[in-house]
Amino acid sequence: MIDPQTVTSNLAEVRDEIARAARDNERDPADVALIAVSKTIPAEGIVPAIAAGQRRFGENYVQEARAKWPALRAQHPDVELHLIGPLQSNKAREAVELFDVIHTLDRPSLAAALAKEIARASRHPTLLVQVNTGEEPQKGGVAPGAVDAFLADCAGTHGLMVSGLMCIPPPEDPPSAHFGLLAAIARRHALPILSMGMSADYPAAIQAGATHVRVGSAIFGARQPKA
Ligand SMILES: *Cc1c(COP(=O)(O)O)cnc(C)c1O
């Protein structure tokens, strides 16, 4: 059971912490967008966050988002939905229809599938390239050394506009070096969006220049294990 009051007070704390981290680094708190990561959280846990003014939400699975969000969005059309989990090419059509921002573009076959569905739907979600800054074999994302070529391929071969980068540092590493690397690659390509920082490390990400932090458990509590 999720207690609505806990969600409301957690959300207020995270907002305060974001504002503090921004000011500590001489940044405007308005330049750091909070994405509330609501994966595994049922609608009754999400409603109190919407009531408290939260409008950006992140989901990991197309299927789960499709089940949960159309009803909520019918009531709150200004909600912005972010796909932050891995995307299979055969789900590209649904992802383009459902999401406003896709954070996990990371391979040519997915770029091709997204380009096709974007043309078909005449709807272009904001696209971010996921970078595997820790070069972990089990994790999605483009290796740091391959990002330049991949961005060129997205634009040149697929006609896709990419607006930024996203990373998930290896849990055992101090995150700051990964955030710094992502920021440097984005700067080199003049990409405005940097999606980095989760519950455990979003202040460090803000220090490194994050424009979007993805915070789940600090707002909604520990996730329910999957049945
Ligand atoms: C689950 C998830 C988050 C949120 O993680 P918390 O530690 O609960 O804040 C952020 N980003 C991605 C990609 C995730 O999968």
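The figures here come from the full heavy-atom set of this structure, side chains too, leaving out hydrogens, waters and symmetry mates. Order of appearance sets the numbers: ligands from 1, and atoms from 1 within every ligand.
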List the atom pairs, donor and acceptor, that lie under 3.5 Å between side-chain atoms in residues 193-201 and the rest of the protein, sequence neighbours left out.
residue	atom	partner	partner atom	Å
S195	OG	H103	ND1	2.9
S195	OG	R214	NH1	2.9
S199	OG	S217	N	3.4
S199	OG	S217	OG	3.3
S199	OG	A218	N	3.0
D201	OD1	M198	N	2.6

Point to revise | Pair R55 + E80: basic N to acidic O under 4.0 Å | key: no
Review point. If you measure from the Lys or Arg side-chain nitrogens to the Asp or Glu carboxylate oxygens, is any gap between R93 and E117 under 4.0 Å?
Key: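 Looking at R93 and E117, the cut-off is met.
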Check your understanding: Relative to the heavy atoms of V215, which atoms of ligand 1 are at a distance of less than 4.0 Å?
Key -> 9 (O)
Study note, to complete from the structure: Per-atom filter on ligand 1: closer than 4.0 angstrom to a heavy atom of N60 are 14 (C), 15 (O)
Check your understanding: Does any N or O atom in V37 lie less than 3.5 angstrom from one in ligand 1, N or O only?
Key -> no
Identify the closest protein heavy atom to [atom]: which residue and atom is it, and at what distance?
atom                    : value
atom 9 (O) of ligand 1  : S199 OG, 2.5 Å
atom 11 (N) of ligand 1 : R214 NE, 2.8 Å
atom 12 (C) of ligand 1 : I84 CD1, 3.5 Å
atom 14 (C) of ligand 1 : K39 NZ, 3.0 Å

Check your understanding: Can you find a heavy atom in the side chain of P144 that is under 4.5 Å from one in the side chain of I185?
Key -> yes
Practice item. Would you indicate whether the side-chain heavy atoms of I168 and K139 approach each other to under 4.5 Å? Key: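 Heavy-atom side-chain distance check passes, below 4.5 Å.
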Point to revise | From the candidates H82, H103, M198, M166, the one that places a heavy atom nearest atom 5 (O) of ligand 1 | key: M198
**Study point:** Nearest atoms (heavy-atom pairs only) where R23 meets P29
**Key:** CG-CG, 4.2 Å
